[in-house]
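First up is the structure itself, then whatever we jot down about it.
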Amino acid sequence: MKIFQIILTTAFVVAFSTLNAQSTIEKAKEIEKDLQRSKELMQRNIDSALFYANEALIQSKSATNDTLLAKSHLQKSSVLIFKKGFAEADSLLQHNLTKQLPEHLKGQTLHNLGTIQYYKQDFQKALDIYLQAAKVLEKAKNSKQLVNTYTNIGSINASLKNFKNAQLYLERALPLSDFNEILRLQILVNLSNIYREQKLYKKYTNNIFEAEELAKKYNAKNILSVIYNNLSDYYTEEGSDYNKALDYGKKAISLKKELNQYPTLNVSYNNVGHSYLKKGEYRRAITYLDSAIPGAQGILKTYIYNNLKESYAGLNNYKNAMRYADLKDSHKDSITEAKQREKVAELTEKFESEKKQQQIDVLDAQNEVQALTISQQKYLLIVLVAFGLLFLILGYFGFRNYKTKQQLDTVLLKQKLRKTQLNPHFLFNALQSIQNFVHKNDKEKSSAYLTSYSKLIRLILEKSDENFISVADDQLALESYLNLQQLTHNNSFSYQITVEENVDDDFDLLPSLITQPFVENAVLHGIKNIEEGFITVVYRKENGRLYVSIKDNGKGFETQTEESKKLHKSMSMGIIKEQLKNLSKTSNGFSADISVNTSGIGTEITLQFTAA
């Protein structure tokens, strides 16, 4: 439009303006060329990529072109994010948001801001910004950028275990990736993992095999090794075809060796070892699992130790089985301690940051006070300081007394709870029964019951000081306890513990070891003198609440006054109610309820909690 308007003026102006327009066009082309060079160099030479991004930015400023300037800001921010220069990148992107830009540039700016938060591990903030970017890019119909935004939204949801949302956005990204098969390959691998997490096995296999074909087509050996690892683990865990599991696992090992990816070989070695373990070929399993140990870290090391324990147990080598069981428990404890130290460090850093901010706030306040007229503020300031100090002193001592009393009450309550769980008579009988198996040289039973005994004692001693434990730990404690009770009662009863599918046994929590006294009551009083006594424990979730049902087939206590008293005493109902009352005060949003249903055909105790 500018050229047509200029044509209406004099010939001299036309000539001058044409030269100026040509100069502007040439400069714009040079800027675009620098931006393209920067993009191409990002994966090969990050410093050169930054150089060309800076050149483009300098030229854009002299051209006074907001669009080119925004593009330069975007490219330089992308390079800086890659170099972890988050503060400078954020500043460039915030400058973009102050301008009226085309929708696609605004969307890309928001995408990069979300990426900064993603790399800073603030996933919720990153997710919020990515969702804003997606709305803008959808309006701009910029599918090439939108596929990256959808993919990142899906990845964050997967990290947060929001698998439904992860599936939704990765499925939106997949059809948009047709222009770039390498990008499509990455999405297929991520999406297949999401399908597997949700047990959508048909979709899982469709996607993973399509990904395999693409990886072969582009000779993407790195991604292909990941695919083979995933397939090896899939065929082992689902138990559908251990031979396929071994084939894929060995292919992954071969590729990783070819690519010199030795630090990640232990995952593949563990997968193959696990497959041989499932096949019952224990010696071969041990060979691969021994190779997996060097360099293994974190939870992987725990899995390897557990597989070695089961392999040696399969060979009836209980000495080595116990050794690896202890190593597994010890390593799991070290992981827990490391997480606790990390949490303490995080809290300390947060405290120091808040402390610095408080110091800054205090300095600002002092400057404002100094700006006031001293003669008018002198006496008022003295009175305010005096009242403030008095209020702080009274508040400090009051709060300290309250916290001291609360801590003392908590300690006393935990001591009472530990006494209900560590019943000396039961522990003595269990040890005496185990000793009988040792004297009879029954290694299998003595080893099995010692394992149950050690697990129970360790759980009680470790978890009784915590307010909440996972369903998995509670289930393990009950299984260990009931195994020992079967031992002391000559297997006069049987039991079944069920965790329903909608319960996440590693993350759903309940008050520490609160179920054990109720199970003890069922054993000592509920099925006492009952032939073929049977106890069931069921964990389930409904409407966000966790339910634990403990049921026996005894005679109940409806007509037995003495047994009713024993129930109350054995379960230490007063202590348990006190514990729940204390938790409801100290844990935000927590509530609990206990109901008892008894009749001539048995007793059912139902505990229900808000999901902690």
Side-chain angles (χ1 to χ4, degrees), residues 193 196-197 208 221-339 443-444 447-448 450-452 454-455 458 472-473 476 479-480 505-506:
N193 290 331
R196 187 179 166 194
E197 287 286 350
I208 200 75
K221 293 181 179 180
N222 188 30
I223 297 177
L224 198 57
S225 69
V226 172
I227 292 169
Y228 288 153
N229 254 341
N230 291 348
L231 283 168
S232 175
D233 187 56
Y234 165 72
Y235 282 115
T236 302
E237 286 298 323
E238 302 313 315
S240 54
D241 195 329
Y242 296 131
N243 290 327
K244 281 187 178 179
L246 288 169
D247 180 49
Y248 283 118
K250 290 176 181 178
K251 283 182 179 179
I253 290 172
S254 177
L255 279 174
K256 286 180 182 291
K257 286 182 177 178
E258 182 183 340
L259 297 168
N260 291 321
Q261 294 180 347
Y262 290 99
T264 61
L265 260 174
N266 39 35
V267 176
S268 303
Y269 280 133
N270 179 63
N271 284 348
V272 174
H274 192 205
S275 300
Y276 275 124
L277 168 62
K278 290 290 188 179
K279 284 190 73 177
E281 297 182 26
Y282 303 118
R283 295 193 186 281
R284 286 190 175 183
I286 290 168
T287 301
Y288 279 92
L289 292 170
D290 283 340
S291 298
I293 290 177
Q297 299 291 331
I299 194 65
L300 172 63
K301 201 167 188 177
T302 305
Y303 292 149
I304 295 169
Y305 284 148
N306 188 63
N307 288 338
L308 280 165
K309 178 202 74 174
E310 292 185 9
S311 297
Y312 278 110
L315 293 172
N316 296 324
N317 187 340
Y318 296 112
K319 181 179 178 181
N320 275 331
M322 286 293 292
R323 181 165 73 88
Y324 281 108
D326 290 339
L327 283 171
K328 184 197 78 171
D329 290 340
S330 175
H331 186 67
K332 189 175 180 181
D333 291 342
S334 69
I335 293 173
T336 303
E337 289 173 8
K339 287 181 179 178
K443 294 180 181 179
E444 185 174 347
S447 175
L450 272 173
T451 300
S452 293
S454 62
K455 285 180 181 177
R458 186 168 68 84
D473 281 338
L476 178 59
E479 286 175 346
S480 302
D505 55 358
D506 284 326

Give me the atom names and distance for the closest heavy-atom approach of [X] to [Y].
| X | Y | answer |
| --- | --- | --- |
| Thr451 | Met322 | OG1-SD, 3.4 Å |
| Ala245 | Tyr235 | CB-CB, 3.7 Å |
| Asn229 | Ala252 | OD1-CB, 3.7 Å |
| Leu277 | Ala285 | N-CB, 3.6 Å |
| Tyr242 | Thr236 | CE2-O, 3.5 Å |

Among residues at least two apart in sequence or on other chains, which ones pass ring pair (Phe, Tyr, Trp, His ring centres under 6.0 Å) with Tyr276?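 Counting only residues at least two positions away or on another chain, Tyr276 forms a ring pair (Phe, Tyr, Trp, His ring centres under 6.0 Å) with Tyr288.
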Would you find a donor on one side and an acceptor on the other, under 3.5 Å apart, between the side chain of Ser232 and the backbone of Leu246?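 Looks like no, no N/O pair under 3.5 Å.
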Looking only at side-chain N and O atoms, does Gln261 offer a donor or acceptor that is under 3.5 Å from a partner on Asn222?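 Judged by distance alone, the side chains do pair up.
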If we count only N and O atoms by modelled type, under 3.5 Å, do the side chains of Asn316 and Tyr318 hold a donor and an acceptor together?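 Yes - a donor-acceptor pair under 3.5 Å links their side chains.
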Side chain to side chain contact (heavy atoms under 4.5 Å, CB included) involving Leu327 - partner list, sequence neighbours excluded: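 Result, side chain to side chain contact (heavy atoms under 4.5 Å, CB included) vs Leu327: Tyr305, Arg323, Tyr324.
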Do other residues, nucleotides or ligands put more than 12 heavy atoms under 6.0 Å from Lys244 NZ?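 No, because the 6.0 Å sphere around NZ of Lys244 holds 12 heavy atoms or fewer from other groups.
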Result of checking Asp233, Leu308, Leu300 against Asn270 for side-chain contact (heavy atoms from CB on, under 4.5 Å):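 It is Leu300; the other options fail the test.
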pair Lys278-Glu237: side-chain heavy atoms closer than 4.5 Å: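 With C-beta onward as the side chain, the pair stays apart.
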